[in-house]
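For reference, the structure is listed below as structure tokens.
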2 protein chains.
Amino acid sequence: MTRLSRDDIVAGAGKRFATHGYHGTSMRDLGDDLGILGSSIYSHVGGKQELLVAVVERGAGFFVEAARDAMATDASPEDMVHDLIAGHIGVLLDHRHEARTYLTEVDFLDPVAQQRVNDIRDTYEEAFRSTISAGVDADVFRKDCDPRLATIYILSILNALDRWYDEAGRLDREAIVNDIYRFARAGLK
Amino acid sequence: MTRLSRDDIVAGAGKRFATHGYHGTSMRDLGDDLGILGSSIYSHVGGKQELLVAVVERGAGFFVEAARDAMATDASPEDMVHDLIAGHIGVLLDHRHEARTYLTEVDFLDPVAQQRVNDIRDTYEEAFRSTISAGVDADVFRKDCDPRLATIYILSILNALDRWYDEAGRLDREAIVNDIYRFARAGLK
DNA sequence: CCTACCGATCGGTAGG
DNA sequence: CCTACCGATCGGTAGG
């Protein structure tokens, strides 16, 4: 057993926060998961709140990265919406704990970190909004479609995924991406 | 200042749980909100977990009631989907704290209560599923529409509402109901 | 509903 | 990363 890294601690915190919530997790709980004492965590991080910040910012970063990748192509607005959806679902499934903590515990961030995370979130949502907006301008989406509302609707569907979707179940990843894409695209038309 | 009722305590708990989470709320916090001591709460209820159960079951009950009302008409499947959406949004806005606690703190319920609440939730979702299913059978919705998935998508949009929608803002209640209904209906067609 | 209190647990620190 | 510990706060109770 070699010494744990800071990333190990943050990953463990993500798992605990995602399943038990920030306030439902004690430093001793977290230490138990990691095989060390709660007090030993303080040799890696400054405190519990610092761990929440690290987990949430990691989660937010994954989403922004995925959006940047999707936007980096010259795909049509329709295809780009598909890619944004696929990217979001990829993050949700590949980084479940960080994604979920980002989505559910952001309210418990100290005000400074919360502002920072909300700015990141706005950047991310802007990728959806501008793509949908481009589709409206290109007449491929409805003229009276409000990109802001449509973005919220699509992200609402996406963010709820981790509460019910099981990748080992009937629908594989491609199937759920396509089904949600079809539902969303219909709403945009 | 007359003695508080059990309902007052449960309402106060709903407000606190909705904003700070179950684990982020202490009995003393709750007492402060109510103008009594934390220990005084125990003359009304058996404990903190009992309060969570009461709040969550109240929230769940409102939704089931709304669904029953919507289903009690002989409206077309399309109109009934509209009414179910309107009913859900009504509960969300008229009973924000209970609805939110029901949606976000259900994981912290003891296993017995959690099972009960999940059964109630399933009954509620069945109202959406069967209505959509009837629409598919009547050829008003797409033949390859999966009522189970469509229900999840619509409820995802609905449940995310309380995190961003402000009734005092640009969109009044009727407008948001209609906009979500249109988006959802398009996805069903 | 308050006074007075309980043991357990909390986040966190000093020193090694 | 552990030992040993701190003061604060936790959910909850006895008795009035």
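Just so it is clear, the structure is predicted and the values come from calculations on it, not from any experiment. All values below come from the heavy atoms of this structure, side chains included, with hydrogens, waters and symmetry mates left out. Reminder, nothing fancy here: chain letters follow the sequence lines and each chain counts from 1.
- The pair A:Asp94-A:Arg173 meets the salt-bridge criterion, with a side-chain N (NZ, NE, NH1 or NH2) lying under 4.0 Å from an Asp/Glu carboxylate O.
- Looking at heavy-atom distances under 4.0 Å, A:Leu37 makes contact with a base.
- For B:Glu125 and B:Arg148, the salt-bridge test fails: no basic side-chain N is under 4.0 Å from an acidic carboxylate O.
- A donor atom on one side chain and an acceptor atom on the other are not found under 3.5 Å apart for A:His20 and B:Asp107.
- Under 4.0 Å is where a charged nitrogen must lie from a carboxylate oxygen, and between B:Glu167 and B:Arg96 no such pair does.
- A salt bridge links B:Lys143 and B:Asp139; the closest N-O separation between the charged side-chain nitrogens and carboxylate oxygens is under 4.0 Å.
- What separates CG of A:Asp29 from P of C:dT9 is a distance of 11 Å, to the nearest Å.
- Ionic pairing of B:Asp122 and B:Arg116 is not present here: no N-O contact between side-chain nitrogen and carboxylate oxygen is shorter than 4.0 angstrom.
- Counting to the nearest Å, the C1' atom of D:dC1 and the CZ atom of A:Arg6 are 17 Å from each other.
- Within residues 13-22 of chain A, no residue has any heavy atom under 4.0 Å from DNA chain C.
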Detail all sub-3.5 Å separations between protein N/O atoms and N/O atoms belonging to nucleotides 5-8 of chain C.
none

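- Computed from coordinates, the B:Leu30 CG to D:dC10 P distance equals 12 Å when rounded to whole Å.
- Listed nucleotides: C:dC1, C:dG11, D:dC10. Nearest to the side chain of B:Ser26: D:dC10.
- Listed by first and then second residue, the ring-ring contact (aromatic ring centres under 6.0 Å, His included) pairs that reach into residues 115-162 of chain B are A:Phe183-B:Tyr153, B:Phe63-B:Tyr124, B:His88-B:Tyr124, B:Tyr124-B:Phe128, sequence neighbours excluded.
- The stretch residues 46-56 of chain A touches DNA chain C through A:Gly47, A:Lys48, each having a heavy atom under 4.0 angstrom from the strand.
- The closest donor-acceptor contact from the side chain of B:Glu98 to the backbone of B:Ala18 lies at 3.5 Å or more, if one exists at all.
- Rounded to an integer number of Å, the gap from A:His23 NE2 to D:dC10 C1' is 14 Å.
- When the side-chain nitrogen and oxygen atoms of A:Tyr42 are compared with OP1 and OP2 of C:dT13, none of them lie within a distance under 4.0 Å.
- Between B:Ser40 and the phosphate of C:dC2, there is a side-chain N or O to OP1/OP2 separation shorter than 4.0 Å.
- Classification of A:Arg3 and A:Asp8 as a salt-bridged pair fails, no side-chain N sitting under 4.0 Å from a carboxylate O.
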Both distances under 3.5 Å, Watson-Crick or G-U wobble: on that basis, could you give the dot-bracket string for DNA chain C, with [ ] for crossing pairs and | for other-strand partners? ||||||||||||||||
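- By the 4.5 Å heavy-atom criterion applied to side chains, A:Leu109 and A:Gln49 are counted as neighbours.
- Remark: C1' of D:dT9 and CG of B:Asp32 are 13 Å apart, rounded to the nearest angstrom.
- Straight-line distance from the CD1 atom of B:Ile41 to the P atom of D:dG11: 9 Å, rounded to whole Å.
- Look at B:Asp32 and B:Arg16 and you find no salt bridge, because none of the NZ, NE, NH1 or NH2 atoms lies under 4.0 Å from a carboxylate O.
- Among residue pairs with one or both ends in residues 59-80 of chain B, those qualifying as salt bridge (charged side-chain N to carboxylate O under 4.0 Å, His left out) are B:Glu78-B:Lys189; sequence neighbours excluded.
- With rounding to whole Å, B:His44 atom NE2 is found 16 Å from D:dG12 atom C1'.
- Considering every non-hydrogen atom in both A:Met80 and A:Ala75, the closest pair reads CE-O, 3.7 Å.
- Within a 6.0 Å sphere centred on NZ of A:Lys48, other residues, nucleotides and ligands contribute more than 12 heavy atoms.
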